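So the structure is just underneath, and the comments pick up after that.
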Number of protein chains: 2
Amino acid sequence: MKLLTRNTDYAIRAVCYIAGNKKELISAKELVGALKIPRPFLRKILQRLNKSGIVRSYKGLGGGFKLALPVNKIFLTDIIEAFQGPFVLNECSFRKALCPNKKICPLKKRIDKIEGYVTAQLKSITISELLKG
Amino acid sequence: MKLLTRNTDYAIRAVCYIAGNKKELISAKELVGALKIPRPFLRKILQRLNKSGIVRSYKGLGGGFKLALPVNKIFLTDIIEAFQGPFVLNECSFRKALCPNKKICPLKKRIDKIEGYVTAQLKSITISELLKG
DNA sequence: ATTGAATGATACCATTTTAGTATCATTTTG
DNA sequence: CAAAATGATACTAAAATGGTATCATTCAAT
Ligand code: FES
Ligand code: FES
């Protein structure tokens with residue numbers, strides 16, 4: 001089971017690279033060179049990071065990307081959710097088949113609890129922490 | 001992100017059905033009728049449950065399946081792992097790219113911790129508990 | 001022994017998700 | 001205007017998941 005898809009993985013790397021650089025703007029070109037990610041793929045990823053409000057893009061000559069927020073305000077979940085959708089572990093496929101009453105279902109209850117813990121943990125990880133490593 | 005795939009889901013239902021039945025052996029035929037799962041698919045699932053040592057199969061006329069263990073000894077992780085492979089959240093795709101030293105990587109450390117919690121929780125859920133719901 | 005009811009093994013196909021590419025339009029600076 | 005950048009979008013490829021089909025094997029009843 002994968003917590004992070006390749007998209008997410010690359011996105012984190014890109015964000016970390018941008019964050020750890022003193023230049024005001026980083027172009028896709030530079031990121032491709034640094035991260036060895038196929039250019040069109042990385043471009044798509046950057047576009048999505050932009051749409052999700054994690055980075056901000058600037059067009060035209062000398063353009064590129066910079067973080068939209070300070071490093072300690074960008075959470076791992078932000079990036080995961082941008083690429084993998086909202087973090088939900090279990091939408092419960094059993095329903096009536098197994099559980100007449102979803103409200104008191106012991107399985108659902110416990111999975112919800114696990115999910116709560118995981119999301120809380122992921123929400124507490126910021127880019128700033130990753131840079132320290 | 002899905003914690004349980006359809007395979008796993010069906011497998012859990014099948015195991016619960018078998019567990020909640022007083023008959024000694026339950027045939028695939030009966031399970032198909034009860035669970036409304038396509039027969040060849042369910043058969044494959046039962047075969048895997050058998051190979052994984054969760055149920056035990058008996059061939060021939062009057063044959064079928066029964067649990068290989070008491071209900072309080074079958075853990076949710078057993079079934080998940082039988083169908084989805086070992087439970088690992090993150091094999092770390094970053095390595096050198098991001099982390100010169102994997103041992104002290106803050107991301108890896110935290111994901112490992114999350115994983116530990118999740119597996120511990122899942123290991124504590126047995127079929128016996130699901131039947132109570 | 002033969003038959004029929006069951007599972008075992010295995011190969012195959014379909015669908016969905018993820019990964020990646022290609023192309024053209026738009027914006028901005030010089 | 002031209003060049004350098006991103007935006008939008010449609011397409012293709014690969015992998016994982018979901019599902020089917022077929023034949024072999026075992027076992028009990030007769
Ligand atoms: S198994 Fe999902 S509500 Fe019970
Ligand atoms: S990001 Fe994986 S070891 Fe650091």
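This one's a predicted model, so the numbers in the text were calculated from it and none came from an experiment. These values consider heavy atoms only, across backbone and side chains, with no hydrogens, waters or symmetry-generated copies. Just so it is clear: chains get the letters A, B, ... in the order the sequence lines come, proteins before strands, and each one is counted from 1.
- In this structure, CG of B:N7 is placed 16 Å from P of C:dT16, rounded to the nearest angstrom.
- Taking the nucleotide of DNA chain C with the nearest heavy atom to each of A:L42 and B:F65, the more 5' of the two is matched to B:F65.
- The side chain of A:K2 sits closest to C:dA19 out of C:dA19, D:dT6, C:dA11.
- For B:S27, no side-chain nitrogen or oxygen approaches OP1 or OP2 of C:dA5 to under 4.0 Å.
- Between A:L89 and B:M1 there is a side-chain heavy-atom pair separated by less than 4.5 Å.
- Whole-Å rounding puts the B:Q84 CD to D:dA16 C1' distance at 12 Å.
- Side-chain atoms of A:R6 lie closest to C:dG20 of the nucleotides D:dT22, C:dG20, D:dG18.
- For A:R56 and D:dA5, the CZ to C1' distance is 18 Å, given to the nearest whole Å.
- Look at CZ on A:F83: it is 18 Å from P on C:dT17, rounded to the nearest Å.
- Here A:S57 reaches the OP1 or OP2 of D:dG7: one of its side-chain N or O atoms lies under 4.0 Å away.
- The side chain of A:F41 lies closest to C:dT21, out of D:dT22, C:dT21, D:dT6.
- Contact annotation: B:R48 does not reach the phosphate of C:dA9 (side-chain N/O to OP1 or OP2, under 4.0 Å).
- Relative to the side chain of A:Q47, the nucleotides D:dT9, C:dG8, D:dG19 differ in distance, and D:dT9 lies closest.
- For a distance-only test at 3.5 Å, the side chain of A:K44 qualifies as a donor-acceptor partner of the base of C:dG20.
- You'll find that the side chain of B:P40 is closest to D:dA21, out of D:dA21, C:dG8, C:dA6.
- Axis angle across the helix from C:dA1-D:dT30 to C:dG30-D:dC1, with five pairs used at each end and values rounded to 10°: 0°.
- Take the nearest nucleotide of DNA chain D for A:G63 and for A:K51: the residue whose nucleotide is more 5' is A:G63.
- The shortest distance between side-chain heavy atoms of B:L69 and B:I127 does not fall below 4.5 Å.
- A:L46 has its CG atom 15 Å from the C1' atom of C:dG20, to the nearest Å.
- Considering only the side chain of B:L61, C:dA5 comes nearest among C:dA5, C:dA19, D:dT20.
- Rounded to a whole Å, the CD1 atom of A:I45 is 14 Å from the P atom of C:dT18.
- Atom P of nucleotide C:dA19 and atom OH of A:Y10 are separated by 9 Å, given to the nearest angstrom.
- In this structure, B:L25 shares a hydrophobic cluster with B:Y58, the cluster being traced through Ile, Leu, Val, Met, Phe, Trp and Tyr side chains under 4.5 angstrom apart.
- Between D:dG7 and A:N50, a contact under 4.0 Å exists linking OP1 or OP2 to a side-chain N or O.
- In this structure, A:L35 atom CG and C:dG20 atom P are separated by 14 Å, rounded to whole Å.
- B:L76 places a side-chain heavy atom less than 4.5 Å from the side chain of B:I12.
- Within the nucleic acid shown, B:P38 comes within 4.0 Å of sugar-phosphate atoms alone, with no base atom in reach, counting heavy atoms only.
- Contact check for B:L67 versus B:V55: side-chain heavy atoms found under the 4.5 Å cut-off.
- Looking at B:I45 and B:N7, their side chains come closer than 4.5 Å, going by heavy atoms from C-beta outward.
- Considering only heavy atoms from C-beta on, A:F65 comes within 4.5 Å of A:I18 through its side chain.
- Not counting sequence neighbours, the partners of B:R6 by the side-chain contact (heavy atoms from CB on, under 4.5 Å) test are B:Y10.
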